[in-house]
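Shown next, in structure tokens, is the structure this report addresses.
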Amino acid sequence: MQGKDEFMRQAIELAVENVTSGRGGPFGAVIVKDGKVIATGANQVTAAHDPTAHAEVTAIRNACKALGTFSLEGCELYTSCEPCPMCLAATYWARCERIYYGCVAADAAKAGFDDAFLYDEMKKPLGERALPIENLMPAEAWAAFAAWIDATQKTPY
């Protein structure tokens, strides 16, 4: 059985290989369950033309597919860098039990990947954020939640 250092090395190797191969940014991630690698992911933002294809999100998608579930309970995430706000949220939604990371957010910022702006934006009231956000038709939008509440065939998550 591999240990924490080996899993982190694998995440780091994925990040380095992703850059040297020209496939994407310097981020790699590994999902582990019961001491075994379930899935991996590398940053695919530019390759996939997908701003959500960060290494952690890619690894989470791959792990969920491999396990046939939307919940990664009992899993750990090893990532070459401290997760950005999106990846951190995705890890919580996936129900991973622990995150291990290599570089910190300040290291990513030195390399041109500064997400401090996003952390700051989320702390602001909606009306003070840089991206305008407006509430429209809340009463009508409630229909989706009402349908969910009334549904007899659903998988809670």
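- Residues passing the side-chain contact (heavy atoms from CB on, under 4.5 Å) test with T91 are I60, L77, C96, I99, sequence neighbours excluded.
- Atoms CD1 and CZ, from I133 and R129 in turn, are 6.0 Å apart once rounded to the nearest 0.5 Å.
- Every residue meeting the ring-ring contact (aromatic ring centres under 6.0 Å, His included) condition with Y100, not counting sequence neighbours, appears here in chain and number order: Y78.
- Between S71 and Y157 the shortest side-chain heavy-atom distance does not fall below 4.5 Å.
- Applying the salt bridge (charged side-chain N to carboxylate O under 4.0 Å, His left out) criterion to K123, with sequence neighbours excluded, gives no partner residue.
- Transitive grouping of hydrophobic side chains (ILVMFWY, heavy atoms separated by less than 4.5 Å) keeps Y119 and M86 in distinct clusters.
- Every residue meeting the side-chain contact (heavy atoms from CB on, under 4.5 Å) condition with C81, not counting sequence neighbours, appears here in chain and number order: F27, C103, A108.
- Across E56 and C87, no two heavy atoms sit closer than the pair OE1-SG, 3.2 Å.
- Of all heavy-atom pairs spanning R61 and A53, the tightest one is NH1-CA, 4.4 Å.
- Side-chain N or O atoms of E97 include none that pairs as donor or acceptor with a backbone N or O of C75 at under 3.5 Å.
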Indicate every side-chain donor-acceptor pair of residues 143-155 with a distance under 3.5 Å to a residue at least two apart or in another chain.
unit_1: K154; atom_1: NZ; unit_2: W148; atom_2: O; d: 2.6
unit_1: K154; atom_1: NZ; unit_2: I149; atom_2: O; d: 3.4

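- The shortest side-chain heavy-atom distance between I31 and E76 does not fall under the 4.5 Å cut-off.
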Please tabulate, for the side chains in residues 9-26, all donor-acceptor contacts under 3.5 angstrom to protein atoms that are two or more places apart in sequence or on a different chain.
unit_1: E17; atom_1: OE2; unit_2: R23; atom_2: NH2; d: 2.8
unit_1: N18; atom_1: OD1; unit_2: Q44; atom_2: NE2; d: 3.4
unit_1: N18; atom_1: ND2; unit_2: G25; atom_2: O; d: 2.9
unit_1: N18; atom_1: ND2; unit_2: N43; atom_2: O; d: 2.7
unit_1: T20; atom_1: OG1; unit_2: V16; atom_2: O; d: 3.2
unit_1: T20; atom_1: OG1; unit_2: E17; atom_2: O; d: 3.3
unit_1: S21; atom_1: OG; unit_2: E17; atom_2: O; d: 2.8
unit_1: S21; atom_1: OG; unit_2: N18; atom_2: O; d: 3.2
unit_1: S21; atom_1: OG; unit_2: R23; atom_2: N; d: 3.4
unit_1: S21; atom_1: OG; unit_2: R23; atom_2: NE; d: 3.4

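- Between the side chain of E82 and the main chain of A105, a donor-acceptor pair closer than 3.5 Å is present.
- The nearest pair of heavy atoms linking P85 to D115 is CD-OD2, 3.7 Å.
- Scanning both residues, A130 and P132, for their nearest heavy atoms gives O-CD, 3.4 Å.
- Annotation: the span from D114 atom CG to C84 atom SG amounts to 12.0 Å, rounded to 0.5 Å.
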Worked check of side-chain contact (heavy atoms from CB on, under 4.5 Å) between T69 and C64
CA-CA 5 Å; T69 181; C64 288; 5.6 Å; no

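- Between E128 and L126, the closest side-chain pair of non-hydrogen atoms is not below 4.5 Å.
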Applying side-chain contact (heavy atoms from CB on, under 4.5 Å) to I38 and L67, what does each step give before you reach the verdict?
CA-CA 8 Å; I38 302 301; L67 295 173; 3.7 Å; yes

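- A donor-acceptor pair under 3.5 Å links the side-chain atoms of N62 to the main chain of T40, judged by distance alone.
- With rounding to the nearest 0.5 Å, the separation of OH in Y101 from CG in L88 is 11.0 Å.
- Between the E6 side chain and the G3 main chain, a donor and an acceptor come within less than 3.5 Å of each other.
- In this structure, Q2 and V37 have side chains that are in contact, with non-hydrogen atoms separated by less than 4.5 Å.
- Across every non-hydrogen atom of A59 and A29, the tightest pair is CB-CB, 3.9 Å.
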